[in-house]
Amino acid sequence: MIDVLALAEEHLALARESAHGRSAHTYLNEGTLRQAVIALIAGTILGDHDAPPAASLHVLSGRVRIVEEGRSVEVGAGQAIPIPQRRHSVEADEDSAVILTSVVNISG
């Protein structure tokens with residue numbers, strides 16, 4: 001069993017020490033399912049990237065924005081949102097810890 005809240009706190013501490021303002025750890029890797037905790041310090045941006053085939057973001061603490069095609073959606077602590085199936089970025093408005101749940105393709 002994994003204590004996700006403790007993992008989030010650990011990675012927030014690591015992100016605060018990181019020159020990049022972020023820290024992440026994949027804690028579930030089962031078939032095509034992945035779950036990772038990602039910690040971002042306020043002002044940190046995960047630049048434009050493609051979405052996996054299916055994904056969601058659940059904010060454990062803080063507040064982030066998902067930005068795509070000129071629009072942004074704020075997501076606060078306790079909220080979850082599907083990741084858009086387009087290129088997007090994630091921006092931390094506050095020190096934040098999130099869970100990224102994704103389904104990935106596994107090639108032959």
Side-chain angles (χ1 to χ4, degrees):
M1 184 176 327
I2 297 165
D3 184 336
V4 177
L5 295 178
L7 193 59
E9 286 301 318
E10 174 186 342
H11 282 275
L12 273 170
L14 290 170
R16 289 181 180 115
E17 296 172 4
S18 168
H20 300 289
R22 62 183 183 245
S23 180
H25 173 71
T26 299
Y27 62 88
L28 180 87
N29 187 344
E30 189 69 34
T32 60
L33 180 63
R34 305 285 185 275
Q35 281 191 308
V37 64
I38 303 171
L40 304 167
I41 300 310
T44 300
I45 299 171
L46 296 178
D48 279 348
H49 54 278
D50 292 322
S56 67
L57 194 70
H58 177 183
V59 179
L60 297 174
S61 63
R63 188 176 71 242
V64 301
R65 281 180 286 130
I66 297 176
V67 180
E68 51 99 10
E69 295 182 355
R71 298 180 309 221
S72 70
V73 177
E74 280 192 17
V75 190
Q79 296 180 318
I81 188 170
I83 299 290
Q85 292 295 298
R86 294 172 287 289
R87 288 188 63 75
H88 64 278
S89 62
V90 178
E91 303 177 6
D93 293 330
E94 301 173 356
D95 289 2
S96 303
V98 304
I99 294 174
L100 172 64
T101 301
S102 59
V103 175
V104 297
N105 289 328
I106 296 180
S107 307

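Because only heavy atoms are used, hydrogens play no part in the values below, and waters and symmetry mates are left out as well, while side chains stay in.
- Within the model, atoms CG of Leu60 and CD of Glu9 stand 9.5 Å from one another, a figure rounded to the nearest 0.5 Å.
- The side-chain contact (heavy atoms from CB on, under 4.5 Å) check on Thr101 picks up Leu33, Gln35, Ser56, Ile99, with sequence neighbours excluded.
- In Glu30, the CD atom is not crowded: 12 or fewer heavy atoms of neighbouring residues, nucleotides or ligands sit closer than 6.0 Å.
- Of the N and O atoms on the side chains of His25 and His11, not one donor lies less than 3.5 Å from an acceptor on the other residue.
- In the hydrophobic clustering of ILVMFWY residues, with side-chain heavy atoms under 4.5 Å counting as a link, Ile38 and Ile81 come out together.
- Residues His88 and Ile66 are in side-chain contact: their nearest non-hydrogen atoms beyond the backbone lie under 4.5 Å apart.
- In this structure, Ser61 OG and Glu94 CD are separated by 9.0 Å, a value rounded to the nearest 0.5 Å.
- When all heavy atoms of Pro84 and Ala51 are compared, the closest pair comes out as O-CB, 3.1 Å.
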| task | Let me see the working for His20 and Thr44 under side chain to side chain contact (heavy atoms under 4.5 Å, CB included), right down to the final yes or no. | result | CA-CA 8 Å; His20 300 289; Thr44 300; over 6 Å; no

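- Atoms CZ and OG1, on Arg34 and Thr26 in that order, are 8.0 Å from each other to the nearest 0.5 Å.
- Proximity of His58 to Val98: side-chain heavy atoms (C-beta onward) are nowhere separated by under 4.5 Å.
- With contacts defined as side-chain heavy-atom distances shorter than 4.5 Å, the pair Leu57/Val64 qualifies.
- The two residues Gly76 and Gln79 make their nearest non-hydrogen contact at N-OE1, 2.6 Å.
- Between the CZ atom in Arg65 and the CD atom in Glu74 there is a gap of 6.5 Å [rounded to 0.5 Å].
- With contacts defined as side-chain heavy-atom distances shorter than 4.5 Å, the pair Leu46/Leu40 qualifies.
- Contact detail for Ala42 and Asp93: the closest heavy-atom pair is CB-O, 3.9 Å.
- Grouping the Ile, Leu, Val, Met, Phe, Trp and Tyr side chains by contacts below 4.5 angstrom, directly or via other members, places Leu14 apart from Leu5.
- Rounded to the nearest 0.5 angstrom, Ser23 OG and Glu10 CD are separated by 7.5 Å.
- Val37 and Leu12 end up in different hydrophobic clusters when Ile, Leu, Val, Met, Phe, Trp and Tyr side chains are linked at under 4.5 Å.
- Going from atom CZ of Arg86 over to atom CG of Asp48 covers 12.5 Å, rounded to the nearest 0.5 Å.
- Residues satisfying the side-chain contact (heavy atoms from CB on, under 4.5 Å) test with Ala55, not counting sequence neighbours, are Pro52, Ile83, Leu100, Ser102.
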